[in-house]
There are 2 protein chains.
Amino acid sequence: MHTQLSIIDTLKKHNLSVTDARKNILSLFSQSGNALAHADIEQTSSAEFDRVTIYRTLQTFVEKGIIHTIPSSDNSVRYALCKDECAAGNHHHNHIHFICDNCGITYCIDQITVPKIQLPQGFKASQTDLIVSGTCNKCEQ
Amino acid sequence: MHTQLSIIDTLKKHNLSVTDARKNILSLFSQSGNALAHADIEQTSSAEFDRVTIYRTLQTFVEKGIIHTIPSSDNSVRYALCKDECAAGNHHHNHIHFICDNCGITYCIDQITVPKIQLPQGFKASQTDLIVSGTCNKCEQ
DNA sequence: ACGCCATTGCAACTTTGTTGCAAAATATTT
DNA sequence: AAATATTTTGCAACAAAGTTGCAATGGCGT
C-alpha cells in the first residue's frame, strides 16, 4: 500500500523509529488532509494509544519538522503536516490557515501565501502565522 | 486621577457595573500596554481576586468589546485592549501581533496593518489574525 | 537471535478551565 | 438615604488538559 509505505519513509527520513503509535497518528494526518487538535486524535485512537503517548508523539513530530502548530484563540492548538521544505527546528510555512467557526475544521490554504511583513526596528521574525476564521465552503448555505 | 477616571468611564460606556475586580484588571491592561495572558493577571492579582472571577471578567470584557483575544501556539491565549472602534461582538483589528520567544511579551504593532486576504470560493472571513513571533527589540543584543 | 536503547503505558500528580449556589457588592427605586 | 432588585463574587466541587517518573515493552543494529 503506497500510503503506508510513504508514512514509514517519512518517519525514517526524520530519524525516528517506526512504531505503531507514530505510524497511526501520522497516517491520521495524511488521511484527514487538514489540521488536527490533540482532542481529535485522542477521540479517533483513544482505544489504541495512551493520552501521554499522543502528547509525546505530537511533540516529537513538531521537533522533527513533520508537523507544525497552528495558533488558536480557543485553547486548542492544532497541528498540520509540514511541507517538504521543513526541517527539524526550521519551519517554513507561507500558507495561511482557515479555521471554520461552525464545524471547527482547520484548512491549510496553500494557494494563498503570507505577505512579507516589515517589522519595526529591532524586531526579528522567526515565524509568521496568518489565521483567518469564519465560515468554510462546506458550512456556507 | 485621570487614568482611574477613564477606566470607570470605559466600564460604564460598555454597560458594565463598576466593581473592584473589573477596575483592577482593566487598569492592568492599560498600565502594561501589551497583551496579557490569564496567568499574568492571576500572578499579579491572585491575592485579591479568585481565579474564577478573572476568567469571568476576561470573558465579559471580550464579549463587550473591551479586549480581544490573540491566538497562540503555546496554549496560553493572550488578551489586549481593543481600539475604540470595537463594539460588542464586532471586533475590528487590523494591527498585527508580535510574540517574543524570549521574554514572552506580546506587542500590538499598530503601525502595520493586516493585508486584505482573498479567500477561495465559498470561504467567508470574520476575523483575521497575523501573529509574528521572534525576538523583540528589548531582547535583541 | 541477542542485547541495547528508545518508546510506551500506567499511575500519580499539577495545572487549567467550568458550574452551581450562597453571600456580598452594585445599581435602582422610592 | 434606605430598601429592594439585580449583578457579581468567592467558594467548593468538579472536569479536562497537560506533565513526570518509572517499569515493561517493542524496535533496531550487530
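Letters go in sequence order (proteins before strands), and every chain restarts at 1.
At whole-Å resolution of the value, OH in B:Tyr55 and P in D:dA12 are 18 Å apart. Whole-Å rounding puts the B:Arg56 CZ to C:dT26 C1' distance at 16 Å. Rounded to whole angstrom, the span from the CG atom of A:Asp74 across to the P atom of D:dA17 amounts to 11 Å. One atom, CZ of A:Phe49, and another, P of D:dG26, lie 12 Å apart when rounded to the nearest Å. Between the CD atom of B:Glu42 and the C1' atom of C:dT16 there is a distance of 9 Å, given to the nearest Å. Atom CD in A:Gln59 sits roughly 10 Å away from atom C1' in D:dT19 (whole-Å rounding). Atom CG of A:Leu58 and atom P of C:dT7 are 15 Å apart (whole Å). Taking atom CG on B:Asp50 and atom P on C:dT19, their separation rounds to 15 Å, with Å as the unit.
Defining each end axis of the helix from C:dA1-D:dT30 to C:dT30-D:dA1 as the rotation carrying four pairs' C1' atoms onto the next four, with five pairs an end, the two axes are found to diverge by 40° to 10 degrees.
Distances shorter than 4.0 Å separate none of the side-chain N or O atoms of B:Ser17 from OP1 or OP2 on D:dT7. Note on B:Thr19: every side-chain N or O is 4.0 Å or more away from OP1 and OP2 of C:dT26. The side chain of A:Arg22 places an N or O atom within less than 4.0 Å of a non-bridging phosphate oxygen (OP1 or OP2) of C:dT7.
For C:dG9, the base has no donor-acceptor partner in the side chain of A:Arg51 [N/O atoms by modelled type, under 3.5 angstrom].
Between B:His38 and B:Tyr55, the ring planes are parallel. Angles under 30° get that label, and only those over 60° would be called perpendicular.
DNA chain C is contacted by both B:Asn75 and B:Asp20; B:Asn75 maps to the nucleotide lying nearer its 5′ end (nearest heavy atom per residue).
In this structure, A:Phe49 and A:Glu42 have side chains that are not in contact, with every pair of non-hydrogen atoms separated by 4.5 Å or more.
Using modelled atom types, one finds no donor on one side chain facing an acceptor on the other under 3.5 Å when comparing B:Arg51 with B:Thr53.
Between D:dC11, C:dG17, D:dC28, one nucleotide has an atom nearer to the side chain of B:His38 than all others, and that is C:dG17.
Each of B:Thr69, B:Asn75, B:Asp74 was checked for a side chain to side chain donor-acceptor pair (under 3.5 Å) with B:Ser72, and the lone residue meeting it is B:Asp74.
Shown here are the salt bridge (Lys or Arg N to Asp or Glu O under 4.0 Å) partners of A:Asp101, two or more places apart in sequence or in another chain: there are none.
No engagement by B:Ala39 is indicated, since no non-hydrogen atom pair under 4.0 Å with the nucleic acid exists.
Using modelled atom types, one side-chain atom of B:Ser126 and one backbone atom of A:Ser133 make a donor-acceptor pair closer than 3.5 Å.
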For A:Phe123 and B:Tyr107: C-alpha separation, side-chain torsions, deciding distance, then whether ring-ring contact (aromatic ring centres under 6.0 Å, His included) applies.
CA-CA 11 Å; A:Phe123 286 81; B:Tyr107 301 85; 5.2 Å; yes
